[in-house]
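These notes are about the structure you will find just below.
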Amino acid sequence: MRTSVRRSRGDRPGGIAVGQAVATLLATAGLLTTGMAAAHADTAAPAAAATAKPGTDTPALVTGLHEEVPATGTAADAARGHLKAKKSRYRIEDTSSQDLASLGTTTDRGGRQTVRFQQKYRGVDVLGGQYVVRMTKKDGRRTVTGTSGSYFTRLKLPSVTPKVSEKVAVQRAVAAASTRLGDAPLHAPAKGKKPGENPLSGKANGVVVLPQGDGVLARHITVTGTAADGSPVRQEVYIDAHSGFPLLQYSGIQTFGTTHTAAGDTDDAAPAATTDEASTESVPSFVVEGSGTRYNGQKAELNLYKGSDGTYQMIDYGLRTAEDPFNGPMLKTYDARGVDAAYASGVWPSGVKVFSSATPEFGADATDAGAVDAHWAANKVYAYYKDHFGRKGLDDKDEYINSLVGVTANGGPYNNAFWDGTKMVYGQGGGDYRTFSADTDVVGHEMTHGVTQYTANLVYVGQSGAINEAISDYFGNAIDLEANGQSMDDPDSGLLGEDLCTTLGPRECALRDLNNDMTTQKDFIGVTARGDSGGVHLNSPIFSGALWDIRKAVGGDLSDQIVYRALTSYMTPLDDFTAGRASVIAAAQELGATQAQVKTIENAFARHGIVPGWETKLGTDTDTLLTGVNTYATDVGAGGGKYAVSRSNEDGSEPYSVWLGDTSGKGAPQLVSPNNGDYNVYANTDGKTVVWADYSSNGVKIMARPVDGGLAKQVDGIGSDVSGLVVDGDYVVYTATNPQFGVTNVRYVNMKTGEVGLVDGGRPYHVSGLPSVKDGKIAFAAVTPDTNGDAVLGINVFDAATGTTTAMPVSDSVQSVGQTAITDDGVFWIEDTDLTDGGKAMVRRAGLDGTNPVTVVPESGSGSLYAYTLTASDDAVTVTQLPPATSWANETLPKLYQVAPDGEGGPKRVSCNRGDQAYAAADTGRRVLWLDGTTGSTDLVRRDKPVGKC
């Protein structure tokens, strides 16, 4: 094969996570603006214009400029000079490197230069604060053509010195990443682990300013480890540096279905060489031509390297030249079979070696492992970006490109692939799936995540994350079509992942279809960052569908150039759909698209509902008690006709406070917590008392206040994280996290006597959580060691008055236990006896003394649910169903079902709302409240009876 760089170009599975608090952080209201004049009458040529955006006085997008700047000095200096000279337009007070740190300058084939700046506030990075200046340099003259991005001018932090230590921040981040949707079930520890040994760990990455309101100083913590299903965990968590409360978290693993590394200021480097200047024959002498068979049966030519031991290795030097053989790209494909994905994320797993063969012809083992496809496709992806855009690898600096193939999950199939910030990782596959490198669009998708990281670096959460995914889908699909000679006229040309299945056909197998009619109005899902990082896969087809329609209408070559230009020279980390649309349209105008073509692009976005102001409220079937609660992962409490919930201000920048209201919706809610700058969260009420946790730099205080008035008082204090706070009568009960070991224990306080204790006595290797309380009886889930040291799962009831504990009759084969609830009918809990069925679990009930056990919801068959958590009144049990998410859809989000206490009639849907339904809280009767993400904000809603079917 030698090289794929051709002479000519071708023609072608958290809280309401993204509520207003986080959505405001991620949103930019970039409206459609005008572009540069072009050379002929039919080309779009409106006048220069600027688009404003909330939260800053600096425009989000300026186009159509023709303003000269000094031609001498660096491009970054010239860009800073422009921003300073036009201060009345940009309102950037300090254009020095202290507030505008250069992330690098790129120069494309047309001589266009793009300078990216990182905003800093008193030396601290502002999350998503990037500003871009676009220029041309020709005939010794520099001209600014436009700017775009997010530079937040209203930040007024009193200090950038954190009050919360790194140690505490790491503890809080690990605890936050451990449970991201209410109260997760307890499992037996992994083999070789003792109960209470935490599978997650955190690493501090310094401080950052979150651009909410006047700005919030936060510690950035990366939490890594292994989830219960064996999949890797890499959560980027931001801990408020004043109170220690987790404000934001999202996945740092960009899957198919890191920290930004600056590109360096290359200044006035010559434009990248065109493919006409690249020889297809002049390659280093040590490049060996080999071959192998792809999964689809086609023979593939491979560039190999012959090692000193005589073996032929999957190391591709064929993209270098004979004139400079020791510099340039190198693509390597490693055998990671037997390595669990968690140990391949963000680290280099020990013991992996490059795939090798005794002959240059790789055999069936390399095919089955996915090595042939991964190695061949990586070359095709590199060549695509070089051929079409002159890009030198993912980072545009020709750093090495590594692929790990064949990773597993808990030793079994891992049906996914991801970019972890440094390399591609492909799952082994299994069951219905082949190895995940077996489809070229998967390889193109993951490698494009790398391109995005080194350009716009779109934050992988919410709408910016959905654009990140959409860009990867778009280019992954384009690369797949070109590499495999498929036309866009093919009915299946828009499919992604269609070649991954062992038995299903392309349409049944595909994870996404870019040739879709999805719109924001009917398909956008207000999802939480608990899963899918706020809808990055779920909502991405809306944006990628528009891009695909553009490609179909205006042609692959022009469309690809437009989307690439928008990504590399217009978009910035926090762009939302509207800003992304504006970037694409502006890039089209800059590249000389005709007025008809620009209109076609506008129409494509309009067909998918991506127009300015599309974020209008979507229809719901619920009664809204509070709109825009603007909080993240803070629970809802209800009882006795009252509700308690944490709330922030309109832009989400205010520390959370606790509000109390009537579940009927009558009257205005009342503020019950001190507005003292702390985060007041995990509110609960029994209708007589309101309780909550107060997070500050000094630790966590458990607070209580009578519903009918009176002062708030501290009833307990603890230095670690808390969750699952409940109250009934004199007793406050919650789950406390041991900061040293990550072990959780249920703690109780008698507010009348002051008695404080642990339901399990705090014994070593005992884990307890998921509590409920009524009349002094505390139900909880437990993991305890038996006499052999093996873990035993159970549900217990602790009588605080007598100190006795009664075990509930769980199944002998129990493998997971979940949330408890006590009512007049006894104790309810979730129990799972088969972890291989995709997550279905039963709901059980027994008397307080453990007698008369009843299965309320079966684990299999008719009426079974993917039961995740529950809440109960004396009249009904409400179960949160969380199906397995092999692909993201409305049906895989958390939804509520209600069932009678005896199970009669089976479970019924509580609401047909699209979007997340999380943190359900039962009131009296069949009334249930929850935090709902359907409208794109976090709303507190209610239903008084189930809707039945949807």
Side-chain angles (χ1 to χ4, degrees), residues 15-16 19-21 617-632 634-652 654-676 678-694 703-713 725-729 732 751 871-876 878 896 898 910-911 913 917-935 937-947:
I16 277 300
Q20 289 290 45
K617 297 282 186 178
L618 302 175
T620 63
D621 59 19
T622 48
D623 296 317
T624 301
L625 299 174
L626 285 176
T627 60
V629 174
N630 304 351
T631 58
Y632 168 76
T634 63
D635 293 358
V636 176
K642 299 289 185 180
Y643 70 79
V645 67
S646 294
R647 188 181 193 183
S648 184
N649 59 352
E650 184 176 356
D651 67 10
E654 181 182 80
Y656 308 161
S657 53
V658 174
W659 292 75
L660 175 74
D662 289 335
T663 60
S664 65
K666 295 180 180 179
Q670 297 177 324
L671 174 67
V672 295
S673 64
N675 203 355
N676 55 3
D678 296 347
Y679 279 79
N680 297 284
V681 293
Y682 305 130
N684 195 274
T685 183
D686 61 355
K688 297 180 180 179
T689 305
V690 185
V691 297
W692 67 89
D694 180 322
M703 306 295 294
R705 181 174 177 175
V707 165
D708 57 5
L711 297 176
K713 66 175 182 178
L725 188 61
V726 291
V727 61
D728 179 77
V732 181
M751 293 184 289
T871 181
S873 68
D874 292 337
D875 298 310
T878 301
L896 301 182
Q898 198 171 89
V910 174
S911 166
N913 283 1
Q917 301 169 11
Y919 302 104
D923 188 28
T924 56
R926 301 169 75 184
R927 177 176 292 173
V928 62
L929 292 72
W930 68 91
L931 293 182
D932 193 283
T934 300
T935 65
S937 71
T938 310
D939 301 331
L940 177 66
V941 302
R942 179 203 76 207
R943 276 194 67 90
D944 290 338
K945 62 180 181 180
V947 71

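Side-chain atoms of Ser648 do not come within 3.5 Å of backbone N or O of Tyr656 as any donor-acceptor pair. Without hydrogens or angle criteria, Asp662 side chain to Ser664 main chain gives no donor-acceptor distance under 3.5 Å. Checking side-chain atoms of Asp923 against main-chain N and O of Gly641 turns up a donor-acceptor pair under 3.5 Å. Remark: side-chain polar atoms of Thr878 are not paired, donor with acceptor, to backbone N or O of Gln898 under 3.5 angstrom.
Side-chain polar atoms of Asn913 and Thr622 form a donor-acceptor pair below 3.5 angstrom.
Residues satisfying the side-chain hydrogen bond (donor to acceptor under 3.5 Å, both in side chains) criterion with Asn684, sequence neighbours excluded, are absent altogether. The side-chain hydrogen bond (donor to acceptor under 3.5 Å, both in side chains) search around Arg942 returns Asp623, Asp944, not counting sequence neighbours. Shown here are the side chain to side chain contact (heavy atoms under 4.5 Å, CB included) partners of Ala693, two or more places apart in sequence or in another chain: Val681, Tyr682, Tyr695, Val700, Ile702, Val722.
Contact annotation: the side chain of Pro706 never approaches that of Thr689 to less than 4.5 Å [non-hydrogen atoms, C-beta and beyond]. Under the 4.5 Å side-chain criterion, counting only non-hydrogen atoms from C-beta, Ser673 is not in contact with Arg705. With a 4.5 Å cut-off on side-chain heavy atoms, Trp659 and Leu671 count as touching. Between Trp930 and Val910 there is a side-chain heavy-atom pair separated by less than 4.5 Å. Residues Asp621 and Arg943 are in side-chain contact: their nearest non-hydrogen atoms beyond the backbone lie under 4.5 Å apart.
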Steps toward side chain to side chain contact (heavy atoms under 4.5 Å, CB included) verdict (Thr685, Tyr643): CA-CA 7 Å; Thr685 183; Tyr643 70 79; 5.5 Å; no
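With Val636 as the fixed residue, the side chain to side chain contact (heavy atoms under 4.5 Å, CB included) test singles out one of Val645, Thr871, Val928: Val645.
Of all heavy-atom pairs spanning Trp692 and Ala683, the tightest one is CB-CA, 4.1 Å.
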